[in-house]
Amino acid sequence: MLNVEDWAEIRRLHRAEGVPIKEIARRLGIARNTVRAALRSDGPPRYERAPRGSVADAYEPQVRALLVQWPTMPGPVIAQKIGWPYSEGPLKKLLARIRPEYVGIDPSDRTVYEPGEIAQCDLWFPETPIPVAARQVRILPVLVLTLAFSRFLSATMIPSRQGGDILSGMWLLISQLGRVPKTLVWDRESAIGGTGKVSVPAAAFAGTLATRIRLAPPKDPEFKGMVERNNGFFETSFLPGRAFASPADFNSQFTDWLTSRANTRTVRAIHGRPVDLLETDYQAMTVLPAVAPTVGLTHRIRLARDYYVRVDTCDYSVDPRVIGRFVDIVASPTTVEVFCDRQLVARHDRSWAKHLVITDPDHVATARQMRQALAEQHRAQQQAGQRGQRRHSDGHPVAIRALPDYDALFGVDFDPTSPTAADAAEASNP
């Protein structure tokens, strides 16, 4: 068969140099009819192999009969029902070719993202355990935010997947961007919209930022496939070969990698680098709010006698002088603060470990002083009772009367053999 090089040479010799067909055939050592065929052809010669049959062809009628009733029947089940004796490859090719005739084709439109419009959010759980305390490691969530137009990535590790911690991470990433995307796309994460409706804290967060949170439809991973694919990118390009000493070390390494690698690579879908398109995204976003949104874990309890409060399985000490009063707990990813009547009564660095007890030595010392003062007060009261006197709250002594004095005052006698005051009065007045 004539190859492409000879075909091109034949056309050049005849049309450009005017070489006769007979001379071309002699020079190239081919038949004159081959030269004539090459001159008649407007396109290069192509080798087309004659289609060969497949071992699956004989089974096609049986497969089609099954697909008529069960279009989505799995390949292994079909192989079992038709008695397939070969490897699975030919049957897979047959099913890939004919199954769309029965299940239909669901085309996906190309989505066009406008600058500043959408940011996709998700939680990524790296498989590498992170040390959080002595002899304790955890698999911690990473909040990932992807700007849909520029594909710019930002992320931070957070201590839990509770709503307050997720909102804290979102506010950190958005404030680092310097502006607010007009729509934040989430799947049905339990703390954001697990019921199919945006949670109250998340709605309040979005309202403060003048944005909206849009929940993905159920069982539709393509709705926010951009951030899902980025999570796979992190798994294969960031994690391998790395070790982390703490969550802070993870965030430091991840931020450096995002800055130097992920956001400076050329993304084929946009034919550009995220870092170069970020400014266009930035200008189309809305400004940050004048007042920061309410984020973090918050709750109110009455402080018990042990003067500890619990935040995400860890216990933190509080000033024992507010025992029995209501206290408000505010926990960010870095700190835990406790307030009583808007006065700060405890502040600790937040622990990302599980089931630890974090104690302020000043609180223990205050509790010891309070116990000693109470013991001294009890001893003083006992000693005063033994001396037959007590002291009023202002300090002056109060005499303790014997109970028979009150019996005599009211004319009460609990001894029936002794004359009562009334009997004595009758005896004196016959």
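For the single chain, residues carry numbers from 1 onward in sequence order. Because only heavy atoms are used, hydrogens play no part in the values below, and waters and symmetry mates are left out as well, while side chains stay in.
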Expected output: side-chain Asn251 to main-chain Met157 donor-acceptor under 3.5 Å | yes
Can you check whether Asp319 reaches Arg321 side chain to side chain, under 4.5 Å on heavy atoms?
-> yes
Given salt bridge (charged side-chain N to carboxylate O under 4.0 Å, His left out), test Asp165 with Arg350 step by step and report yes or no.
-> CA-CA 12 Å; Asp165 286 334; Arg350 182 172 175 181; 2.8 Å; yes
Nearest heavy-atom pair of Ala243 and Gln253: which atoms, and what distance?
-> O-NE2, 3.2 Å
Looking only at atom types and distance, does a side-chain atom of Thr366 sit under 3.5 Å from a main-chain N or O of Pro320, one as donor and one as acceptor?
-> no
Without swapping roles, check the side chain of Ser252 against the backbone of Ala248 for a donor-acceptor pair under 3.5 Å.
-> no
Answer yes if the side chains of Glu235 and Trp124 hold a donor-acceptor pair under 3.5 Å, and no otherwise.
-> yes
Residues Val19 and His14: closest non-hydrogen pair is O-ND1, 3.1 Å
Hey, what do you get for OH (Tyr86) to OG (Ser54), rounding to the nearest 0.5 Å?
-> 9.5 Å
Side-chain touch Phe254/Arg242, heavy atoms, less than 4.5 angstrom | no
CD of Glu88: more than 12 outside heavy atoms within 6.0 angstrom?
-> no
Under the 3.5 angstrom rule, does the side chain of Ser150 hit a backbone N or O of Asp281 as a donor-acceptor pair?
-> no
When rounded to the nearest 0.5 Å, the distance separating CG of Leu94 from NZ of Lys92 is 13.5 Å
Go through the steps for Val132 and Leu140 under the test side-chain contact (heavy atoms from CB on, under 4.5 Å), then give the verdict.
-> CA-CA 10 Å; Val132 292; Leu140 292 168; 4.0 Å; yes
Is there a donor-acceptor pair closer than 3.5 Å between any side-chain N or O of Thr236 and the backbone N or O of Gly232?
-> yes
Could you grab the distance from atom CG of Leu153 to atom CG of Leu173, nearest 0.5 Å is fine?
-> 11.0 Å
Does the side chain of Pro293 come within less than 4.5 Å of Leu167's, by heavy atoms?
-> no
Between Glu376 and Gln372, does any side-chain donor sit less than 3.5 Å from a side-chain acceptor?
-> no
Side chains of Ile78 and Leu67: closer than 4.5 Å at any heavy-atom pair?
-> yes
Can you check side-chain contact (heavy atoms from CB on, under 4.5 Å) on Leu172 and Leu143, steps first, answer last?
-> CA-CA 10 Å; Leu172 173 64; Leu143 176 63; over 6 Å; no
Spatial distance of atom CG (Leu215) from atom CD (Glu189) [nearest 0.5 Å] = 11.0 Å
Candidates Phe250, Phe234, Phe125 - the one meeting side-chain contact (heavy atoms from CB on, under 4.5 Å) with Val142 | Phe250
Would you say Thr286 and Arg179 make side-chain contact, with heavy atoms under 4.5 Å?
-> no
Should the pair Tyr59 and Trp84 be assigned to parallel (<30°), tilted (30 to 60°) or perpendicular (>60°) ring geometry?
-> perpendicular
Heavy-atom donor-acceptor pair, Arg99 side chain to Pro71 backbone, under 3.5 Å = yes
Going through the checks in order, is the side-chain contact (heavy atoms from CB on, under 4.5 Å) test met by Val180 and Leu288?
-> CA-CA 6 Å; Val180 184; Leu288 292 175; 3.7 Å; yes
May I have the step-by-step check of salt bridge (charged side-chain N to carboxylate O under 4.0 Å, His left out) for Arg325 and Asp341, ending in yes or no?
-> CA-CA 9 Å; Arg325 299 169 63 182; Asp341 292 335; 2.5 Å; yes
Is it true that a side-chain atom of His348 and a backbone atom of Ser317 form a donor plus acceptor pair closer than 3.5 Å?
-> yes
Val345 and Phe339, any side-chain heavy atoms less than 4.5 Å apart = no
Mind running salt bridge (charged side-chain N to carboxylate O under 4.0 Å, His left out) on Arg261 and Asp256 for me, showing each step along the way?
-> CA-CA 8 Å; Arg261 171 71 177 92; Asp256 291 343; over 6 Å; no
For Leu258 and Ala155, which heavy atoms make the closest approach, and how far apart are they?
-> CD1-N, 3.9 Å
Nearest heavy-atom contact between Leu356 and Ala133 is CD1-CB, 4.0 Å
Given the rule in the side-chain contact (heavy atoms from CB on, under 4.5 Å) test, do Phe205 and Val200 qualify, once you have shown the distances and angles that lead to the verdict?
-> CA-CA 9 Å; Phe205 175 86; Val200 173; over 6 Å; no
Aromatic Phe233 / basic Arg265 pairing, under 6.0 angstrom, 45° off normal = yes
Heavy-atom distance under 4.5 Å between the side chains of Ile270 and Tyr113, does that happen here?
-> no
Do Arg97 and Glu60 sit within salt-bridge range, that is, some charged N less than 4.0 Å from a carboxylate O?
-> yes
Considering all heavy atoms of both residues, which atom of Thr264 and which atom of Thr259 are nearest to each other, and what is their separation?
-> CG2-O, 3.3 Å
Just wondering, are more than 12 heavy atoms of other shown residues or ligands nearer than 6.0 Å to CD in Gln80?
-> no
Ion pair check, Glu101 and Arg64, cut-off under 4.0 Å = yes
Using a cut-off of 6.0 Å, state whether more than 12 heavy atoms not belonging to Arg214 lie near its atom CZ.
-> no
Rounded to the nearest 0.5 angstrom, the OH-OG1 distance for Tyr316 and Thr335 is 9.5 Å
Does Val330 offer a backbone N or O that forms a donor-acceptor pair with the side chain of Thr298 under 3.5 Å?
-> no
Smallest separation among heavy atoms of Tyr282 and Gly178, with atom names | CE1-C, 4.0 Å
Salt-bridge test for Asp360 and Arg347: reply yes if a basic N is under 4.0 Å from a carboxylate O, no otherwise.
-> no
Validation row: Leu2, Ile10 side chains within 4.5 angstrom (heavy atoms) | yes
Is there a donor-acceptor pair under 3.5 Å between the side chain of Arg300 and the backbone N or O of Asp328?
-> no
Can any side-chain N or O of Arg188 pair as donor or acceptor with the backbone N or O of Ala216 at less than 3.5 Å?
-> yes
Any chance you could measure Trp7, atom CH2, to Ser41, atom OG, to the nearest 0.5 Å?
-> 6.0 Å
Residues, nucleotides or ligands: over 12 heavy atoms within 6.0 Å of Glu127 CD = no
